[in-house]
Amino acid sequence: MICHVKKRLSDYSYVFFEDKPKPQKHHLSVSPGSRHSFFLLLFCNKVSFNIRYYSLYGHVETMAREVQRGANAVQGVEATLWQVPETLSSVILQKMKAPGKANDVPEIRPEQLIDADGFLFGFPSRFGVMAAQFKAFFDASHELWECQALAGKPAGIFWSTGFHGGGQELTALTAVTQLAHHGMIFVPLGYTFGSGMFEMNEVKGGSSYGAGTYAADGSREPTELELQQAFHQGKYVAEITKKLKNKPLSA
């Protein structure tokens, strides 16, 4: 069972939602000093970290799973995978020879963005910008934008492009506008991946903005080095998310 605290009503009264099998609202009150209050405190301090992605041919999904592994390596962090909804019809997907979606990763609704403490968003590039499916997802988050519900939450980006000119930096740069309008804190990878950032003996996606891979004509899969960078990014952004949750910005 995965739960997320939504609102603190008093020092010892909470409202939270159970995610599975479907969202259900619960109220819980405990007495000060009781063992229940101790376990509730531990529960409330758990960091909810979401990896939300769109993948057409599976390259971004492969990266997303490695990102999740990295984030879950951070103690006290619970990282979960979510897919944004597909906008193409089954007929078009069949003509494009796209494989089926992962059946172990649920779809996400825009209003569920508020449930997480931090994010990593992943998508393939289309002419240097995020795929239309992910843009449609962000476009549907206007109600959260109106009340700035995501302001102050850390978020990073990872991606897949076809070739060198496909936007290994531009895709991230154009995606930052979505985060900025929501008031989210963009967390770039920088050069924290160390020597892997300077690899010149093999083709490697990614940049200081985040982890990336090349799909080429679709036959190329993420390399071991690219997956290591994805793992590092998941761990790195999750650690920052944990720090921000434990030491929130003053009002």
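Side chain of Ser89 to main chain of Ile92: a donor-acceptor pair is present (N/O by atom type, distance under 3.5 Å, no hydrogens or angles). Side chain of Gln83 to backbone of Val105: a donor-acceptor contact under 3.5 angstrom is found. When atom types are taken as modelled, the side chain of Lys153 and the backbone of Ala116 share a donor-acceptor pair closer than 3.5 angstrom. Using a distance-only test at 3.5 Å, with no hydrogens or angles considered, a donor-acceptor pair links the side chain of Gln168 to the main chain of Thr213. No side-chain donor-acceptor contact under 3.5 Å links Lys245 to the backbone of Ser48. A donor-acceptor pair under 3.5 Å is absent between the side-chain atoms of Lys101 and the main chain of Glu86, judged by distance alone. With hydrogens and angles disregarded, no donor-acceptor distance shorter than 3.5 Å links the side chain of Glu221 to the backbone of Gly58.
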> Given His164 and Tyr214, is the ring pair (Phe, Tyr, Trp, His ring centres under 6.0 Å) satisfied, shown in steps?
Replying inline: CA-CA 8 Å; His164 296 294; Tyr214 290 104; 4.9 Å; yes
> Does the side-chain contact (heavy atoms from CB on, under 4.5 Å) test come out yes or no for Glu169 and Tyr209, once each step is laid out?
Replying inline: CA-CA 7 Å; Glu169 287 195 345; Tyr209 299 96; 3.8 Å; yes
> Is there a side-chain contact (heavy atoms from CB on, under 4.5 Å) between Val187 and Tyr236 once you walk through the steps?
Replying inline: CA-CA 9 Å; Val187 182; Tyr236 178 70; 4.0 Å; yes
> Would Thr171 and Val129 satisfy side-chain contact (heavy atoms from CB on, under 4.5 Å), going step by step from the backbone distance to the final call?
Replying inline: CA-CA 5 Å; Thr171 304; Val129 299; over 6 Å; no
>> Please evaluate residues Met130 and Tyr54 with respect to the criterion side-chain contact (heavy atoms from CB on, under 4.5 Å), reporting the C-alpha separation (whole Å), side-chain torsions for both, the decisive distance (0.1 Å), and the verdict.
In response: CA-CA 10 Å; Met130 65 175 62; Tyr54 171 76; over 6 Å; no
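Cluster annotation: Phe231 and Leu227 are assigned to distinct hydrophobic clusters (Ile/Leu/Val/Met/Phe/Trp/Tyr, side-chain heavy-atom contacts under 4.5 Å, transitive). In this structure, Val176 is a member of the same hydrophobic cluster as Trp159, with clusters built from ILVMFWY side-chain heavy atoms closer than 4.5 Å. Residue Ile185 is grouped with residue Val77 when hydrophobic side chains (ILVMFWY) are merged at heavy-atom distances under 4.5 angstrom, including chains of intermediate members. Under the 4.5 Å side-chain heavy-atom criterion for grouping Ile, Leu, Val, Met, Phe, Trp and Tyr, Phe186 is not connected to Leu170 through any hydrophobic cluster. Note: the hydrophobic cluster containing Leu244 also contains Val47 (ILVMFWY, side chain heavy atoms under 4.5 Å, direct or indirect links).
Note that the CZ atom of Phe49 and the CG atom of Asn72 stand 9.5 Å from one another [nearest 0.5 Å]. Note that the OG1 atom of Thr241 and the CG atom of Leu120 stand 7.5 Å from one another [nearest 0.5 Å]. Atom CG of Leu56 is separated from atom CZ of Phe123 by 15.0 Å, given to the nearest 0.5 angstrom. Of the inter-residue distances, the one linking Ser55 atom OG with Met63 atom CE reads 10.5 Å to the nearest 0.5 angstrom. Tyr53 contributes atom OH, which lies 8.5 Å from atom CZ of Phe158 (distance to the nearest 0.5 angstrom). Rounded to the nearest 0.5 Å, atoms OG1 (Thr161) and CZ (Phe127) are 13.0 Å apart.
Classified by interplanar angle (parallel below 30°, tilted 30° to 60°, perpendicular above 60°), the ring pair Phe137/Phe134 is perpendicular.
Between Lys242 and Val74 the shortest side-chain heavy-atom distance falls below 4.5 Å. Put simply, the side chain of Pro222 reaches to within 4.5 Å of the side chain of His59, judged on heavy atoms. By the 4.5 Å heavy-atom criterion applied to side chains, Phe119 and Leu179 are not counted as neighbours.
What you find for Ala79 and Ala71 is that their closest heavy atoms are CB-CB, 3.6 Å. Listed here is the closest heavy atom pair of Ile108 and Gln112: CD1-CB, 3.3 Å. In plain terms, the two heavy atoms of Ile157 and Ala172 that are nearest each other are CD1-O, 3.9 Å. The minimum heavy-atom distance linking Ser160 with Ala215 is given by the pair OG-CB, 3.8 Å.
Residues Arg69 and Glu66 are paired through a salt bridge, judged by an N-O separation under 4.0 Å between the basic side chain and the carboxylate. Electrostatic pairing of Glu226 and Arg220 counts as a salt bridge here, judged by a charged N lying under 4.0 Å from a carboxylate O.
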Indicate every side-chain donor-acceptor pair of residues 191-201 with a distance under 3.5 Å to a residue at least two apart or in another chain.
unit_1: Thr192; atom_1: OG1; unit_2: Leu189; atom_2: O; d: 2.8
unit_1: Thr192; atom_1: OG1; unit_2: His232; atom_2: NE2; d: 2.8
unit_1: Glu199; atom_1: OE2; unit_2: Asn201; atom_2: N; d: 2.7
unit_1: Glu199; atom_1: OE2; unit_2: Glu202; atom_2: N; d: 3.4

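Around the CD atom of Gln94, the shell of radius 6.0 Å holds no more than 12 heavy atoms that belong to other residues, nucleotides or ligands. Atom CD of Glu143 is surrounded by 12 or fewer heavy atoms from other residues, nucleotides or ligands within 6.0 Å.
Scanning for salt bridge (charged side-chain N to carboxylate O under 4.0 Å, His left out) contacts around Arg65 gives Glu61, Asp104, with sequence neighbours left out.
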